[in-house]
Amino acid sequence: MAATLKDLDFFQLDELLSPEDRMTRDAVRQFVQREVMPGIEGHFANATFPREIIPKIAELGILGANLKGYGCAGMNNVAYGLIMQELEAADSGLRSFASVQGALAMYAIYAWGSEEQKNRYLPGMAQGKLIGCFGLTEPDHGSDPGGMETRARKDGQGWILNGTKRWITNGSIADLAIVWAKIDQGITGFIVEKGAPGFTTRDIHGKFSMRASITSELMFDDVRLDASAQLPTARGLKAPLACLTQARYGIAWGAIGAARSCYHCALDYVKSRKQFSRPLAGYQLVQQKLVNMLTEITKAQMVCLRLGQLKDAGTMRPEHVSFAKRNNVQAALEIARTARDMLGANGIVIEYPVIRHMLNLETVNTYEGTYDVHTLILGRDITGASAFD
Ligand code: TGC
Ligand code: FAD
C-alpha cells in the first residue's frame, strides 16, 4: 500500500500561512497522494517517468506556478514552495520535472525571451503541452559552467550550434531545449526545438538515483538556428545563473518534503517494531534520532518560509538561496540516511519510501550547485574573497 503523506508542523507554522496558501498545499498533497503515490515505486523500480500525470499537474497550475501572465497561475512564492514540498514528498524526480519545466525552461524564456517567444512557448508549457529542458552542464563542465565549450557561430542572419550537454533532466522528452552557448560576445541562450536537424538526445541509463526521472545527453552537430531562436536579453553567465536561483529556491522547499516522508516512515516503523520485547520507539537512542530529524525539518521549514517572504518582497539574494539549498538538502539527506538505518533491513527495500528518497537526495545534493559549491558561494559572500578565481 502506498505511504500516506502527512503534515509535520511542530512550531505551528501553518498559522503564518494564508488560507489560500494552505488550500493550495492541501490540494496538491491530495492530488499527489491519489495520482502519484500508488505508482511511484513502480516507476522508480523500472526507471520510468510518470508522463501520464503531466496534464493533471498542469491542470492544477503547477507548471510555472509563480510566473505571471502567459497562462501561468501567478501564485506567490510561498505557495509555490509549498507545492514543491508536496511534489518531493512523493519523489524528487517529480519535483525535478516541475522545477526544470517552470523554474529553468519557462523562467529562462520569461526572463530573457522576446514577447514573441513568450507568447509562442509559455502558454503551451504551462498547459503541459510543450515540455522544456535546460542544458547548461557539459561532460567537462559541471560546477564551472563558465568554462562551457558549446559554441554558436554567426551564419548569415542565423546561427550554427555545436556542442554537447550532459545530465539534462527531461532531455529526451522535451519539445524544446534551452541551450547555453558561447558566442564571440560571451555566453547566451538559445531555444532549440526537438527535431531540428543535427540535434539528437541519448538517455543516461544505470542511474541508482532519480530513477523516476529522465536524464539525457543533448548533442548539437551543426544545428542551424534562426536569429529568432536566441534569447535576446540573455547576456553572460548571470543569465543561466539567475534561472538556477529560481530552481534552487524550489529545491530548498522540496527537500523538506522528502525529509518529512522519511521522518514519518521511521516514526511509524519504530512505534510498531519490537526488539527486546519493547517497541523501538521507547529506546533513548531511537528517540534522539527522531528528535534530531524533527529539529532539522523544523529549522528547514523556518528558513524556507522566511526565504519565501524575502522572495515575495523582492529582497531575496542568490546567497540566501544558496544558504537554504545547502542546508536543507544536506539535512534531508542526513535524515533519509538515518531513517534508512532505523528501518534495519526493511530500510533497503522499495516497499518503504526511505531508500528511494535517500538515493534521490544524493542527486539533489549534487545538482543545482553541490553542497561544497554553495559553501564557497557563501564563503565568498561573508569574506569578500572568491575561492573560484
Ligand atoms: P560569478 O562571477 O559568480 O557570476 C557571474 C555573474 O553572474 C552573477 N550571479 C548570479 N546571478 C543570479 N543568480 C545567481 N545565483 C548568481 N550567481 C552569480 C554574478 O553577479 C555575476 O554577474 P556580473 O554582472 O558580475 O557578470 O561566476 P563564477 O564563474 O565565479 O561562478 C561560480 C559559481 C560556482 C557561483 C557558479 O558557476 C555556480 O553556481 N556553479 C554551479 C553550477 C550549477 O549549479 N549547475 C546547475 C545546472 S542545472 C541543474 O542542475 C538542473 S537539475 C534539475 C532540477 O533542478 O531539478
Ligand atoms: P563536478 O563539478 O566535477 O564536481 C565534482 C566534485 O568536486 C563535487 O564534490 C564538487 O563539490 C567538487 N568541486 C567542484 N569544484 C570545486 C571547487 N572549486 N572547490 C572544491 N570542490 C569543488 N545540469 C543541467 O544543466 N541541467 C539539468 O537539467 C541537470 N539535471 C541533472 C539531473 C541529474 C540526475 C544529475 C545527477 C545532474 C543534473 N545536472 C543538470 C548536472 C548538475 O548540475 C551537475 O552534476 C552539478 O552541477 C555538478 O557538476 P559535476 O557533476 O560535473 O561535478
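Every number for a ligand or one of its atoms is a count from 1 in the order of the listing.
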Enquirer: More than 12 non-hydrogen atoms from neighbouring residues, nucleotides or ligands closer than 6.0 Å to NZ on Lys238, yes or no?
Expert: no
Enquirer: Which atoms of ligand 2 have any heavy atom of Tyr367 under 4.0 Å away?
Expert: 31 (C), 32 (C), 33 (C), 37 (C), 38 (C), 42 (C), 43 (O)
Enquirer: Mind checking whether Trp167 and Leu218 sit in one hydrophobic cluster, side chains of I, L, V, M, F, W, Y counted as touching below 4.5 Å?
Expert: no
Enquirer: For ligand 2, find out whether one of its N or O atoms is nearer than 3.5 Å to an N or O atom of Ile168.
Expert: no
Enquirer: To check your reading of the model: name the closest protein heavy atom to atom 34 (C) of ligand 2, its residue, and the distance in Å.
Expert: Thr363 CG2, 3.5 Å
Enquirer: Can you confirm whether something in the protein, heavy atoms only, sits under 4.0 Å from atom 7 (O) of ligand 2?
Expert: no
Enquirer: So does Glu149 pair up with Lys165, basic N to acidic O under 4.0 Å?
Expert: no
Enquirer: With respect to atom 29 (C) of ligand 2, which of Trp167, Phe388, Trp180 exhibits the smallest heavy-atom separation?
Expert: Trp167
Enquirer: When you measure from atom 50 (P) of ligand 2 to every protein heavy atom, which one gives the shortest distance, and what is it?
Expert: Gly142 CA, 3.9 Å
Enquirer: Less than 4.0 Å from atom 16 (C) of ligand 2, is there any heavy atom belonging to the protein?
Expert: no
Enquirer: In ligand 2, which numbered atoms sit nearer than 4.0 Å to a non-hydrogen atom of Phe134?
Expert: 24 (C), 25 (O), 26 (N), 27 (C), 28 (O)
Enquirer: Applying a strict under-4.5 Å side-chain criterion to I, L, V, M, F, W and Y, I'd like to know whether Met342 and Val291 cluster together.
Expert: no
Enquirer: Considering only non-hydrogen protein atoms, determine which one is nearest to atom 45 (O) of ligand 2 and report residue, atom name and distance to 0.1 Å.
Expert: Thr366 CG2, 3.8 Å
Enquirer: Does ligand 1 have any N/O atom under 3.5 Å from a protein N/O, and what are those pairs and their distances?
Expert:
{"from": "ligand 1", "atom 1": "3 (O)", "to": "Arg380", "atom 2": "NH1", "distance (Å)": "3.0"}
{"from": "ligand 1", "atom 1": "3 (O)", "to": "Arg380", "atom 2": "NH2", "distance (Å)": "3.0"}
{"from": "ligand 1", "atom 1": "13 (N)", "to": "Leu241", "atom 2": "O", "distance (Å)": "3.2"}
{"from": "ligand 1", "atom 1": "13 (N)", "to": "Thr245", "atom 2": "OG1", "distance (Å)": "2.8"}
{"from": "ligand 1", "atom 1": "15 (N)", "to": "Thr245", "atom 2": "OG1", "distance (Å)": "2.8"}
{"from": "ligand 1", "atom 1": "39 (O)", "to": "Arg248", "atom 2": "NH2", "distance (Å)": "2.9"}
{"from": "ligand 1", "atom 1": "40 (N)", "to": "Ser143", "atom 2": "O", "distance (Å)": "3.0"}
{"from": "ligand 1", "atom 1": "44 (O)", "to": "Arg248", "atom 2": "NH2", "distance (Å)": "2.7"}
{"from": "ligand 1", "atom 1": "44 (O)", "to": "Gly369", "atom 2": "N", "distance (Å)": "2.8"}
{"from": "ligand 1", "atom 1": "50 (O)", "to": "Glu368", "atom 2": "N", "distance (Å)": "3.1"}
{"from": "ligand 1", "atom 1": "55 (O)", "to": "Glu368", "atom 2": "OE2", "distance (Å)": "2.8"}
{"from": "ligand 1", "atom 1": "56 (O)", "to": "Arg95", "atom 2": "NH1", "distance (Å)": "3.2"}
{"from": "ligand 1", "atom 1": "56 (O)", "to": "Ser96", "atom 2": "OG", "distance (Å)": "2.7"}
{"from": "ligand 1", "atom 1": "56 (O)", "to": "Tyr367", "atom 2": "OH", "distance (Å)": "3.0"}

Enquirer: Do Thr215 and ligand 2 have an N or O pair less than 3.5 Å apart?
Expert: no
Enquirer: Are the charged groups of Glu59 and Lys56 less than 4.0 angstrom apart, N to O?
Expert: no
Enquirer: Can you tell me if Leu376 has a non-hydrogen atom under 4.0 Å from ligand 2?
Expert: yes
Enquirer: Could you name the option among Asp140, Val100, Thr169 that has the heavy atom nearest to atom 28 (O) of ligand 2?
Expert: Thr169
Enquirer: Out of curiosity, does Leu333 fall in the hydrophobic cluster containing Val373 (side-chain heavy atoms, cut-off under 4.5 Å, transitive links)?
Expert: no
Enquirer: Got the closest protein heavy atom to atom 9 (O) of ligand 2, with its distance?
Expert: Asp372 OD2, 4.5 Å
Enquirer: Strictly below 4.0 Å, N to O, side chains only: are Glu193 and Arg120 in salt-bridge contact?
Expert: yes
Enquirer: Which of the numbered atoms in ligand 2 are below 4.0 angstrom from a heavy atom of Thr370?
Expert: 10 (C), 11 (O)
Enquirer: Quick one: does atom 12 (C) of ligand 2 have a protein heavy atom under 4.0 Å from it?
Expert: no
Enquirer: With heavy atoms of Leu136 as the reference, note each atom of ligand 2 found under 4.0 Å away.
Expert: 25 (O)
Enquirer: Only one of Glu296, Glu86, Glu88 clears salt bridge (Lys or Arg N to Asp or Glu O under 4.0 Å) with Arg260; which?
Expert: Glu86
Enquirer: Look at Asp175 together with Lys129 and state whether they make a salt bridge at an N to O cut-off of under 4.0 Å.
Expert: no
Enquirer: Same hydrophobic cluster for Leu82 and Met302, using side-chain heavy-atom links shorter than 4.5 Å among ILVMFWY?
Expert: yes
Enquirer: Flag Thr137 as yes when one of its N or O atoms lies below 3.5 Å from any N or O atom of ligand 2, and as no otherwise.
Expert: yes
Enquirer: Anything under 30° is parallel, anything over 60° is perpendicular, the rest tilted; go ahead and classify Tyr70 against Tyr110.
Expert: perpendicular
Enquirer: Specify whether Phe220 and Phe199 have parallel, tilted or perpendicular ring planes, treating 30° as the upper limit for parallel and 60° as the lower limit for perpendicular.
Expert: parallel
Enquirer: Which of the numbered atoms in ligand 2 are below 4.0 angstrom from a heavy atom of Ser143?
Expert: 1 (P), 2 (O), 4 (O), 14 (C), 15 (N), 49 (O)
Enquirer: Salt-bridge test for Arg380 and Asp389: reply yes if a basic N is under 4.0 Å from a carboxylate O, no otherwise.
Expert: no
Enquirer: Could any protein non-hydrogen atom be found less than 4.0 Å from atom 40 (C) of ligand 2?
Expert: yes
Enquirer: Can you find a protein heavy atom closer to atom 26 (N) of ligand 2 than 4.0 Å?
Expert: yes
Enquirer: Count the heavy atoms belonging to other residues, nucleotides or ligands that lie under 6.0 Å from CD of Gln284, then report whether that count exceeds 12.
Expert: no
Enquirer: Look up atom 21 (N) of ligand 2 and tell me if a protein heavy atom lies less than 4.0 Å from it?
Expert: no
Enquirer: Can you confirm, on distance only, whether ligand 2 has an N/O atom lying under 3.5 Å from any N/O atom belonging to Arg166?
Expert: no
Enquirer: Can a salt bridge be assigned to the pair Arg25 and Asp14 using a cut-off of 4.0 Å between side-chain N and carboxylate O?
Expert: yes
Enquirer: Are Arg29 and Asp7 close enough for a salt bridge, meaning some N to O gap below 4.0 Å?
Expert: yes
Enquirer: I'd like to check which ligand 2 atoms, numbered from 1 as shown, lie under 4.0 Å from a non-hydrogen atom of Glu368.
Expert: 43 (O)
Enquirer: Whether Asp381 and Arg317 form a salt bridge (side-chain N of Lys/Arg under 4.0 Å from carboxylate O of Asp/Glu) is what I want to check.
Expert: yes
